[in-house]
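Only one structure is covered here, and it is reproduced in the block below.
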Number of protein chains: 2
Amino acid sequence: MQKTSITDIAEITGLSITTVSRVLSGKAEQYRIGKKSQEKVREAAQKLHYVPNHFAANLRTGKSNTLALIIPSLNNPFFAGIASEINTELRKFNYITIISDSDENVEIEKMELLQMTARNIEGLIIVPCGDQWQHIKEIQDQRIPVVCIDRYFEHLDIPYISTDNYEGANKATQYLIENGHSKITCIQGVQTSTPNRLRVKGFTDAMREAGHKEINIVGDDFTFQNGYLETKLLLQQKQRPTAIFTLSNTIAMGCMKALKEENIHVPNDISLITFDDHPYLDYLSTPLSCIAQPVSDISKIAVKFLLSKIQNKDINTSQVLLKPSMKLRDSIRKIN
Amino acid sequence: MQKTSITDIAEITGLSITTVSRVLSGKAEQYRIGKKSQEKVREAAQKLHYVPNHFAANLRTGKSNTLALIIPSLNNPFFAGIASEINTELRKFNYITIISDSDENVEIEKMELLQMTARNIEGLIIVPCGDQWQHIKEIQDQRIPVVCIDRYFEHLDIPYISTDNYEGANKATQYLIENGHSKITCIQGVQTSTPNRLRVKGFTDAMREAGHKEINIVGDDFTFQNGYLETKLLLQQKQRPTAIFTLSNTIAMGCMKALKEENIHVPNDISLITFDDHPYLDYLSTPLSCIAQPVSDISKIAVKFLLSKIQNKDINTSQVLLKPSMKLRDSIRKIN
DNA sequence: TAATTTTGTACAAACGTTTGTGCAAAATTT
DNA sequence: AAATTTTGCACAAACGTTTGTACAAAATTA
């Protein structure tokens, strides 16, 4: 069947498209449309299976009721969880959220941003996937409110909500040191990402503060493969670390696969702590200790920031780091 | 800065909006726009930071280049993985995909569908979250191509791609029986979902075929909590099963938490197999055997079905069940 | 030189809503 | 009875693109 428009309904009811539009967009009372006319319109709309054309309405009003959320990977439970919460929260405010997966690829991120702005989005929440920021800055320059999550750019005046990665990593490292570990290897992710850089700095500072001169940082990617390969390399060395600190769960999983293949047990042979929590960590062969990020808080605050910017056009730039928490399970052995 | 339109560029370049539109939408050669004019237009567009208005274009052309994907939960790695693959695949065909999370709530699903159709989507891939289908059928009646994934409606002529849930569950149960188990409990998910119903039937048939009269099926939800509570109840009974078959990973996780709390070891005290794979399953305290669904194939075929329907308006209804595979890890003990 | 073709570009309608403005009839007030 | 107000509705412009159609100048052909 052919698509029904307001014009069709006007013809059937003998009313004008103005009257029909006002009834269907909930403004009947405001414009004193008679009860009988309202009923005729509603009946006709139902009978003809009328579906409003959001594009036409948006063209005229300039309001899309659409927001965009760009995350680097739907396959990462951390980001999937954030996406789920943000989507649910924004729905409460009658926004539709276009969720986009940039696949950890800045060129895709740029393309997606173009697609989003062409659709007249009224706001953007983004987990940037690289260190390029100009294309994100340009969105803000177009007077589209932007909020960064997790990864952000310190020197830009774009609001962001993240975890205090430095503090989380610092505490994780301190804990290892307090348990007698001095030979600790950190397996990092993407070096240019701000969370990674701060986690590395947290690790490094904790080591230095404890007087440990030998600081070992390896890896360059938040992937399973990176965790796997770097752990394999570590285990080939004469002098192995007594503890490993992985900067993401995907790295931790790769690390654990390599350890298992080499018949090295956590925590008896080596201790392991990771960044980020997940329910699975409880049921691993060795339940993993970790630094947990407050995912729910991050999501809700990001939404709050964005809506505040949209509604009040407030120019204040909120840049907040939330406190992570350390979750001790069974993967750290005391050796002093 | 104010939004730039084609009209602004026309004014700056002294050309008509027709010329400008044709240059910017890649039709300059086709309409013999001179080189100098093209250059003037492109320069002005860049200088004024022109962003096309997709809504206006769509209003005129009737083409949105937009597809919709509705999944019941972004927090479920199975669906998040599917969403990721489908999104990546459709991007290759220059579609933007609106990903929507219905939160296992059919009313939200209906609302989301309304929002999608109002945005002139050209196709829909959906994992239905309940047993109501009329609102999905209506989408197809509006001549919007629809493909169901994972959960579907057998009696409808809507294309779907899923796993042969019956066969997967049947084989899992047979394997348990071959390993000497006869007291097997199945912890199921949402009873009205087609995959669940078929998995239960596969389990039941395998049990009956082996001459086992006592068939125990519990639960009613694909959640951690359901798995946890039902396992707790099981462990209170005098006669416990020797094996548990959970119909999803989230149920399996809840089950494992309960077992751990009761100090019951897998597979020494009880065997466990689940439906669905995940990389984590390898590193659990007991690596879990499972029936793995071909997620990548499901995603790619769903995309293929949808694009085929969009492009060729082909009325054939493809309804395909893919073969699952059994992945044996360490969670099943042979007891005969 | 005139007729025809090619080139480069423009006009204006269309898409489907929304909304500022306004009209005519009915009701009320003076 | 006339003036004013209220009620119920309609006209037409607007949003920003796309595109069918067409025009005028330049180039080519006969």
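So that the names make sense, note that chain A is the first sequence line, chain B the second, and so on, each numbered from 1.
For the helix from dT1(C)-dA30(D) to dT30(C)-dA1(D), the rotation axes defined at the first and last 5 base pairs enclose an angle of 50°, given to the nearest 10°.
Place A56(B) and I33(B) on DNA chain C by their nearest nucleotides, and I33(B) ends up nearer the 5' end. Position along DNA chain D of the nearest nucleotide to F55(B) versus V20(A) favours V20(A) as the more 5'-ward residue. For the pair T18(B) and K35(A), both in contact range of DNA chain D, the more 5′-proximal nearest nucleotide belongs to K35(A).
Distance CD/Q38(A) to OG1/T13(A): 12.5 Å, rounded to 0.5 Å. Interatomic distance, S84(A) OG to N75(B) CG, rounded to the nearest 0.5 Å: 4.0 Å. To the nearest 0.5 angstrom, L59(A) atom CG is 10.0 Å from N58(B) atom CG. Atom OG of S64(B) and atom NE2 of H54(A) lie 11.5 Å apart (nearest 0.5 Å).
Within 4.0 Å of T61(B), counting heavy atoms only, lie sugar-phosphate atoms of the nucleic acid but no base atom.
For the pair K309(B) and E122(B), the salt-bridge criterion is not met [side-chain N within less than 4.0 Å of a carboxylate O]. A salt bridge links R151(B) to E104(B): at least one charged side-chain nitrogen sits closer than 4.0 Å to a carboxylate oxygen.
Here chain A contacts DNA chain D (any atom closer than 4.0 Å to a heavy atom, that is under 4.0 Å), and the contacts span dT7(D) to dG16(D) from 5' to 3'.
With rounding to whole Å, R32(A) atom CZ is found 17 Å from dA24(C) atom P.
Counting only N and O atoms by type, the side chains of T19(B) and S16(B) include a donor and acceptor under 3.5 Å apart.
With I70(B) as reference, L113(B) is the one residue of L113(B), I98(B), I99(B), D101(B) to meet the side chain to side chain contact (heavy atoms under 4.5 Å, CB included) rule.
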